[in-house]
Number of protein chains: 2
Amino acid sequence: MLELAILGFLFEAPLHGYELRKRIAALTGHIKPVAEGSLYPAVKRLEKAGLLTRETRPGAGAAPRHVLSLTAAGRAELRRRLAEPAETDITDENRWFTLLAFLRHLEAPRAQAAVLERRLAFLSEPASFFYSGDRPLRAEEMDDPFRRGVLLIARATSRAELAWLRGTLAELRAG
Amino acid sequence: MLELAILGFLFEAPLHGYELRKRIAALTGHIKPVAEGSLYPAVKRLEKAGLLTRETRPGAGAAPRHVLSLTAAGRAELRRRLAEPAETDITDENRWFTLLAFLRHLEAPRAQAAVLERRLAFLSEPASFFYSGDRPLRAEEMDDPFRRGVLLIARATSRAELAWLRGTLAELRAG
DNA sequence: CAACAATACATCGACTTCGATGTATTGCAA
DNA sequence: TTGCAATACATCGAAGTCGATGTATTGTTG
């Protein structure tokens, strides 16, 4: 998720680490903040893998700025990660939202639609957080108000997302 | 999140590891599966901390069952984690849902309400995933259909949850 | 003019998690 | 009857993440 965000932001423009950090904080920081101690090693990993390059410039600030840019391999890798997301990128909302934030960089509408369809399939499966034997329980069946809340909120999210998915898929197909 | 689920399920009844694994999978597995390689070390940690005990019984299955039970300290620790959740337990939906699944074990309605109020405060803050300068952007302002989707879905979730929170808080206060 | 926040890096050890692998038994289906 | 799925543990190394800490400069505010 962190790496996807780094690749996604750098795809849009070269940035130095501090700016990248601020953009990631704006994107997902209110939900799940990313520590600096995670960001710099992640940048290093991607650099080592040849996905980005670092150019040192005598900075306006204190330390010299390291401007980070994606390489051709890095741009290809972003597109690959967007086109072939892992299962948890589809199911985990945090990851899914991060993916959606950069899905525009996947140029082919067909490929974009294919990703949305995976999410559609996931949301269409009968699933719950709570079961009676094998049967998923509905909100109305829960006595516990807190567990009922989980199901009510999940249902509202699911409905809104299914409506949006169907509409957007129709638009993508129309062209 | 994993530790909270372990404490939560064992609070309800003593279980052996395999059963615990299945319950955790049912609760959150469709969204974010937990590897066995995470579960057993987590159980060990909690055991070492004196929060649970392990009783070996000649099992019906292959290996002998290790029945896990919470100690008094373990029960107290669950209540403490429910009453004083970390900030990300409030903001991250995965963690928040796990917390809600066990919030009934916090006996005092006052304490339950206090936790819901923290979530209410978080959801009431003006926040977005996307900004123009400092100003959070609304769904209607987004050109990118995917980013618009993120905001539309988040808004639907937020509305449903706020309605549920207000209703449940009223009930808790009414007694 | 002193203190502090913000800018701009970076590292380190501790801890957590993951994926792979291993052991052994029961029961069912091909 | 052979093999596979399910039951029921468990470990190990690799990798990732976090929180704390450190350095140095600029700009702002009291």
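Excluded from the calculations below are hydrogen atoms, water molecules and symmetry mates; all remaining heavy atoms, backbone and side chain alike, are included. In the text below, chain A, chain B and the rest are named by the order of the sequence lines, each starting its count at 1.
Here B/Glu77 pairs with B/Arg80 in a salt bridge; the nearest charged N to carboxylate O distance falls below 4.0 Å. Using a 4.0 Å cut-off between a side-chain N of Lys or Arg and a carboxylate O of Asp or Glu, B/Glu19 and B/Lys22 qualify as a salt bridge.
Note: CZ (A/Arg95) to P (C/dC18) measures 9 Å, nearest angstrom. Computed from coordinates, the A/Arg23 CZ to C/dA8 P distance equals 12 Å when rounded to whole Å. The distance from atom NZ of A/Lys44 to atom C1' of C/dA10 is 7 Å, rounded to the nearest whole Å. Straight-line distance from the CG atom of B/Leu20 to the P atom of D/dC9: 10 Å, rounded to whole Å. Distance, A/Leu39 CG to D/dG16 C1': 13 Å, rounded to whole Å. In this entry the distance linking NZ of A/Lys32 with P of C/dT17 reads 10 Å, nearest Å. The CG-C1' distance, from B/Leu2 to C/dT17, rounds to 9 Å in whole Å. Rounded to whole Å, the distance from CD on B/Glu47 to C1' on D/dA10 is 13 Å.
Side-chain proximity of B/Lys22 to D/dT7, C/dT7, D/dA10: nearest is D/dT7. Set against C/dT17, C/dC9, D/dC18, the side chain of A/Ser38 has D/dC18 as its closest nucleotide. In this structure, the nucleotide among C/dA10, D/dT11, C/dG19 sitting nearest to the side chain of B/Ala35 is C/dG19. Distances from the side chain of A/Tyr18 to the nucleotides C/dC18, C/dA6, D/dC9 place C/dA6 closest. Minimum atom distance to the side chain of A/Tyr40 is reached by C/dC9, of the listed D/dC9, C/dC9, C/dC18.
Across all strands, B/Gly37 comes closer than 4.0 Å to base atoms (heavy-atom distances). In this structure, A/Arg45 reaches the sugar-phosphate backbone alone: every heavy-atom distance under 4.0 Å involves primed, P, OP1 or OP2 atoms, never a base.
When atom types are taken as modelled, the side chain of A/Thr168 and the backbone of A/Trp164 share a donor-acceptor pair closer than 3.5 angstrom.
Considering only side-chain N and O atoms, B/Arg54 lies under 4.0 angstrom from the phosphate OP1 or OP2 of D/dA10. Here B/His16 does not reach the OP1 or OP2 of D/dT7: none of its side-chain N or O atoms lies under 4.0 Å away.
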With side-chain hydrogen bond (donor to acceptor under 3.5 Å, both in side chains) as the test, would you mind laying out the steps for A/Glu12 and A/His105 before giving the verdict?
-> CA-CA 9 Å; A/Glu12 294 164 16; A/His105 300 313; 2.8 Å; yes
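Figure legend: A/Arg148 and A/Phe130 shown without cation-pi pairing, the cationic atom not lying both under 6.0 angstrom from the six-membered ring centre and within 45 degrees of its axis.
Remark: the B/Glu36 side chain and the D/dC9 base include a donor-acceptor N/O pair separated by less than 3.5 Å.
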